[in-house]
Structures are given as C-alpha cells and as structure tokens.
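Have a look at the structure below, then the notes.
Atom set for the values below is all heavy atoms of this structure, side chains included, hydrogens, waters and symmetry mates excluded. Residue numbers start from 1 in every chain, and the chains themselves are labelled A, B, ... in the order their sequence lines are given, proteins ahead of strands.
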Number of protein chains: 2
Amino acid sequence: MAHARILETSVHFFGRLGFEGASTREIARASDVAMSSITYHFGGKEGLYLATADHIATQIRERTAPLLDRVAAAEINGRETAIELLLAVLDGIAEMMLSAETEYWACYIIREQQEPTEAFERLYQGAIRRVADTLIRLVAMARPDLDDRQGRVTAIMLFGQAMILRSSRTTVCRVLGTSDLDEADQALLRERLRANALTVLSEAP
Amino acid sequence: MAHARILETSVHFFGRLGFEGASTREIARASDVAMSSITYHFGGKEGLYLATADHIATQIRERTAPLLDRVAAAEINGRETAIELLLAVLDGIAEMMLSAETEYWACYIIREQQEPTEAFERLYQGAIRRVADTLIRLVAMARPDLDDRQGRVTAIMLFGQAMILRSSRTTVCRVLGTSDLDEADQALLRERLRANALTVLSEAP
DNA sequence: GTCTATACTACGATAGAC
DNA sequence: GTCTATCGTAGTATAGAC
C-alpha cells in the first residue's frame with residue numbers, strides 16, 4: 001500500500017532534513033510513487049508532516065506499551081517496588097534510545113522540541129505524555145521526601161540520562177573513542193544509567 | 001560589518017531550519033545585504049554553514065573559558081575538591097542550556113549530532129572537546145572507584161541531565177505545567193541537578 | 001488510486017556595473 | 001565590498017487522463 005510506504009519514507013526525510021529541508025518530490029521518488037499521490041493521500045506537504053507525527057507516536061506507543069502496562073497493573077507497596085519498576089522503565093527507554101530504528105523518530109521529535117508545531121501536540125498526547133506521567137508517578141513513590149515539583153524535575157533528570165544517548169550520540173561516541181556503539185558499549189551505558197538512577201532514587205529521605 | 005551580521009543571522013536560520021531548509025536568499029534579506037555578498041564573504045552556502053559552526057564554537061569557548069580555566073588552574077587534592085568543581089561546571093552548563101541566547105546554537109549542534117558533517121568536527125574541536133575532557137577528568141578524581149570507561153559514561157550521564165534542558169525543552173515545560181521556564185523554575189532545575197550530581201559523585205567507593 | 005503534464009514560485013550561483 | 005540582473009534547477013500544487 002502506497003499510503004504506508006510514503007509514511008515510512010517521510011519519517012526518514014522529515015527526520016533527517018526537517019519540514020523545510022525535506023521535499024515532497026524526493027519523498028515521492030524514494031517511495032516509488034508520483035508526487036501527486038502525496039496530495040491525494042495526505043492533502044499536501046503539511047498534511048504528510050502531521051501524519052508522520054501520528055505514525056511516530058503510534059510506533060512509540062506500541063513499543064512502550066508492554067512496559068508501561070506492567071507498571072500500571074503492578075501493586076506498588078513500598079519504595080523498593082517503585083524503584084525496581086522505575087529502573088526497568090528507564091532501561092527500556094535507554095534501550096529504545098540506543099536502538100537503530102529510533103534514529104529518525106528521535107530526529108523528528110528533537111526538532112519539534114526546539115520549535116514545536118501542531119506536530120508536537122500529536123507526539124505529546126499520542127506517546128510522550130504517558131511515558132512522562134509514568135516516570136513522575138514512580139519517582140513520587142520512590143522519593144516521598146521530594147515535593148511534587150522536585151519529583152517532576154527528578155523524573156526529567158533521570159530521563160535526560162537516557163535521552164543524551166540520542167541527542168548527543170556523536171559526542172557519546174567520541175568520548176568512548178568509537179565510531180558507533182557496539183554491544184559492550186551499550187551494556188556499559190545502560191549499566192551506568194541504572195547505577196546512577198539507583199543511587200539517586202535510594203537517597204535516604 | 002556585513003560579515004559579522006550575516007554570521008549572526010545564519011546561526012538563527014541554520015539552527016531553526018537546518019542546512020537544506022535555510023535559504024541564502026532569506027539569510028541575505030534578514031541581514032540586509034545582497035545575496036551575492038554571501039558568495040563574496042563565504043564562497044557560497046556551504047562555506048557560510050561551516051563559518052557558522054566556527055562562530056558558534058567561538059562563542060561557546062568564550063562563554064565556558066572562565067569556568068574551565070578555573071578548573072585547569074585549581075590544585076585538586078581530594079575527592080571533595082573535585083566534586084565541588086564538578087558541581088560548579090555542571091551548574092555553569094545548566095545555566096547555559098537555560099539561557100535564551102543559546103537556543104539557536106543548541107539547535108545547530110543537535111542537528112549536527114544527529115547527522116554529523118564537517119561542521120561537527122569544527123564544533124567538537126573548537127568547543128565541545130574541552131568541556132568533555134574537563135568533565136571526564138573531574139569525574140575520574142571524584143569517583144576513583146570507577147574505571148576509565150565507567151568514568152567517561154558517568155560524565156556523559158551527568159552532562160545529559162543538563163542537556164535535557166535544551167534537547168527536550170518543550171517536554172520539560174509541559175511536565176512543569178508552564179509555557180516557559182521562569183526564574184523559580186530555573187532555580188529548581190539547577191538545584192535538583194546539583195543534588196543528583198552530588199549524590200552520584202559522593203557514592204562511597 | 002495512480003499517473004503525466006503543467007503553472008508558478010523560490011532556490012543557489014554567477015557575471016558584471018559601480 | 002556591495003549591488004542588480006539573469007540562468008538553470010528544483011520546489012509545491014493542481015488539473016485531468018486512465
């Protein structure tokens with residue numbers, strides 16, 4: 001189906017080049033369809049851009065659902081349980097940030113974070129929101145000594161340690177003296193993230 | 001001088017729109033010069049793009065120099081001194097990430113991290129490298145229990161907590177329920193970053 | 001639903017006057 | 001050093017055949 005093929009290509013082009021930088025001609029050519037098919041299916045360049053955001057949100061939602069469902073279903077009766085779940089969620093996020101297939105999603109989202117358009121709203125409501133809410137809820141239980149705003153910021157900081165793996169990927173590689181992150185590098189990064197998060201979350205109230 | 005005015009405009013346009021998305025016509029118009037002036041001064045679009053990277057690197061270097069010079073000059077004779085300096089450097093980075101004027105530098109750099117070109121090399125050698133090396137050196141002294149690679153990753157993770165303030169700015173605002181970060185928000189973010197970093201760095205060997 | 005053909009605008013580069 | 005003028009290419013959108 002052309003519809004899906006165009007969307008898949010769009011993630012790459014809009015991610016790599018941004019809305020202004022990507023061209024519908026190129027996207028059409030790479031999808032092996034006529035340019036006017038984009039108009040037919042998505043109404044134009046802007047429609048395609050927004051449909052791409054929905055597509056990305058759906059993929060993230062599907063990918064994170066198993067882990068987030070587990071947290072939602074869990075009975076959390078103590079800091080230890082909350083910490084354990086939080087470490088699992090963070091590790092899942094880190095694994096996602098390290099995974100090759102998220103490269104273009106990430107580019108698209110990071111662009112939207114810098115200069116949000118309507119597409120950001122779709123990403124946020126469609127995927128980011130649930131991840132953020134879960135982290136915030138777990139941090140509140142793991143660190144009952146923090147007030148609401150302090151807890152939210154702590155959730156952000158924990159997330160930042162995973163996000164850096166995508167947002168500054170090239171610098172991460174430079175610092176580790178490699179051209180891309182192999183299995184051992186990835187294990188090291190995830191292990192350290194886990195260790196740091198555990199330390200921060202275990203801080204005595 | 002037209003040269004400097006064009007560069008200043010370029011940071012904004014290349015940052016916001018990327019290399020492909022920005023147009024030399026628009027940059028020229030916004031700089032109040034003829035488009036051919038860009039060819040004269042920078043040789044063309046690509047030359048301007050690279051000159052913009054150098055311009056950004058210079059600004060970051062100047063901005064971070066006082067703090068990094070202080071670290072380089074300091075006699076560090078114990079974990080406590082290293083931790084104290086590290087907290088100061090991280091706070092300086094966080095303050096930079098929160099500052100409005102770094103918005104377009106950050107966009108430019110984040111783009112280059114996703115798909116590095118020759119411009120990344122100029123940014124890295126011209127500015128990022130010294131910041132990274134300083135962090136790594138201080139972490140090594142603050143956490144002598146970690147091996148070289150673990151220390152490097154820890155430096156990355158600490159940096160990530162500051163970087164998130166730019167790379168996911170819009171999400172940070174959403175989570176704090178605000179449309180932009182006021183003084184109180186910024187103080188809260190910097191205070192939490194400091195607290196988290198201190199906890200991680202003080203971990204008993 | 002997918003194509004070709006076309007209209008119109010904007011792009012980067014360059015030549016040449018001042 | 002800065003400008004105007006112009007060339008060739010590539011952009012989005014749309015009309016209309018199949």
**Message:** Please determine whether a side-chain nitrogen of the Lys or Arg among A:E115 and A:R111 lies less than 4.0 Å from a carboxylate oxygen of the Asp or Glu.
**Reply:** no
**Request:** Identify, between A:E26 and A:G43, the residue whose nearest nucleotide on DNA chain D lies closer to the 5' end.
**Result:** A:E26
Could you tell me whether [X] contacts a base, only the sugar-phosphate backbone, or nothing, with contacts defined as non-hydrogen atoms closer than 4.0 Å?
{"X": "A:S37", "result": "sugar-phosphate"}
{"X": "B:A22", "result": "sugar-phosphate"}
{"X": "A:S23", "result": "sugar-phosphate"}

**Message:** Would you compute the distance between atom CG of B:L67 and atom CE of B:M96 and round it to the nearest 0.5 angstrom?
**Reply:** 10.5 Å
Whole angstroms only, please: what is the [atom1]-[atom2] distance between [X] and [N]?
{"X": "B:F13", "N": "C:dC11", "atom1": "CZ", "atom2": "P", "answer": "11 Å"}
{"X": "B:E20", "N": "C:dA10", "atom1": "CD", "atom2": "C1'", "answer": "16 Å"}
{"X": "B:I38", "N": "D:dC3", "atom1": "CD1", "atom2": "P", "answer": "11 Å"}
{"X": "B:M35", "N": "D:dC7", "atom1": "CE", "atom2": "C1'", "answer": "11 Å"}
{"X": "A:L48", "N": "D:dG11", "atom1": "CG", "atom2": "P", "answer": "15 Å"}
{"X": "B:E46", "N": "C:dG12", "atom1": "CD", "atom2": "C1'", "answer": "12 Å"}
{"X": "A:R29", "N": "C:dT4", "atom1": "CZ", "atom2": "P", "answer": "13 Å"}
{"X": "B:I27", "N": "C:dA10", "atom1": "CD1", "atom2": "C1'", "answer": "14 Å"}

What's the closest nucleotide to the side chain of [X] if the choices are [options]?
{"X": "A:K45", "options": "C:dC11, D:dA13, C:dC3", "result": "D:dA13"}
{"X": "B:T24", "options": "C:dC3, C:dG12, D:dC3", "result": "C:dG12"}
{"X": "B:A2", "options": "D:dT2, C:dG12, C:dT2", "result": "D:dT2"}

**Request:** Please check if any side-chain donor atom of B:E103 sits under 3.5 Å from a side-chain acceptor atom of B:H12, or the reverse.
**Result:**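 Checked: B:E103/B:H12 side chains show no N/O donor-acceptor pair below 3.5 Å.
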**Asked** Judged by modelled atom types alone, do A:T117 and A:E112 share a side-chain donor-acceptor pair under 3.5 Å?
**Response** yes
**Item:** Close side-chain approach of A:L138 and A:V71, heavy atoms under 4.5 Å
**Value:**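 Yes, their side chains come closer than 4.5 Å.
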**Request:** Determine: side-chain N/O of A:H41 to OP1/OP2 of C:dT2, distance under 4.0 Å, yes or no.
**Result:**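 So the side-chain polar atoms of A:H41 do come within 4.0 Å of the phosphate oxygens OP1 or OP2 of C:dT2, strictly under.
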**Request:** Examine D:dT2: is either OP1 or OP2 under 4.0 Å from a nitrogen or oxygen in the side chain of B:Y40? Give yes or no.
**Result:**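 Answer is no, no contact under 4.0 Å.
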**Request:** Spell out yes or no: do the side chain of A:S36 and the base of D:dT14 have one donor N/O and one acceptor N/O closer than 3.5 Å?
**Result:**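 Check fails, no donor-acceptor contact within cut-off.
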